[in-house]
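Whatever order the structure lists ligands and atoms in, that order sets their numbers, starting from 1.
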Amino acid sequence: MKVSQAMKQQLVERATAARERAYAPYSHYAVGAAVLMKDGRIFDGCNVENAVYPLGLCAERVAIFKAVSEGSREIAAIAVVTANGGSPCGACRQVIREFGEETTPVLVATPDGTFREWRLDALLPDSFSADDLEP
Ligand code: THU
């Protein structure tokens, strides 16, 4: 699915707004994400930490799980925003793969709206997916 430059910019804006809602009192590293689904819907998320540290969840997975729980399963593109342009963690890359494709655009942005763009398979080469479970 072709995602326009204007839509990419909008996705980054949604992720930037979501980042303002980050609950990150332990790491102080605020992350926002927004995922465009193939049905045209956009879901956003922020990281949500916990006093029991391992229970925290990354912004990307919050956004994706919101989409899936609302019945939307096919990712067209995803944006993630951090203060320093940090890239999605390995766990989130795998979850993007579950609901995306090797070609899915991943936008790695900073709050000023600038972003680097990757195909998912550049961030997660030779990935494992549901296809690998087929006999
Ligand atoms: N974090 C994300 O939300 N997404 C990532 O891809 C990397 C890390 C969060 C988890 C934790 O709340 C904080 O950033 C520091 O690791």
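Near P88, meaning under 4.0 Å from any of its heavy atoms, are these atoms of ligand 1: 6 (O). Within the listing of ligand 1, atoms 13 (C), 15 (C) sit less than 4.0 angstrom from a heavy atom of S27.
For atom 9 (C) of ligand 1, the nearest non-hydrogen atom of the protein is N47 ND2, 3.6 Å. At the shortest separation from atom 12 (O) of ligand 1 among protein heavy atoms lies E49 OE2, 2.5 Å. The nearest heavy-atom contact from the protein to atom 3 (O) of ligand 1 is A59 N, 2.9 Å. Closest to atom 7 (C) of ligand 1 among all protein heavy atoms lies C89 CB, 4.0 Å.
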Trace of the side-chain hydrogen bond (donor to acceptor under 3.5 Å, both in side chains) decision for N84 with Y29: CA-CA 10 Å; N84 63 354; Y29 190 74; 2.7 Å; yes
Worked verdict on R73 versus E98 for salt bridge (charged side-chain N to carboxylate O under 4.0 Å, His left out): CA-CA 9 Å; R73 292 186 177 174; E98 184 70 21; over 6 Å; no
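Of all the heavy atoms of C58, the ones lying under 4.0 Å from any atom of ligand 1 are found in both the backbone and the side chain.
Taking the charged nitrogens against the carboxylate oxygens, E74 and R41 have no contact shorter than 4.0 Å, which rules out a salt bridge. Salt bridge annotation for R93-E60: absent, with no cationic side-chain nitrogen under 4.0 angstrom from a carboxylate oxygen.
The salt bridge (charged side-chain N to carboxylate O under 4.0 Å, His left out) pairs that include a residue from residues 15-32 are R21-D44, where partners are two or more places apart or lie in different chains.
The option with the heavy atom closest to atom 5 (C) of ligand 1, from among H28, R61, E60, is E60.
Although no hydrogens or angles enter the test, the distance criterion places a donor-acceptor pair under 3.5 Å between the side chain of S69 and the main chain of F65.
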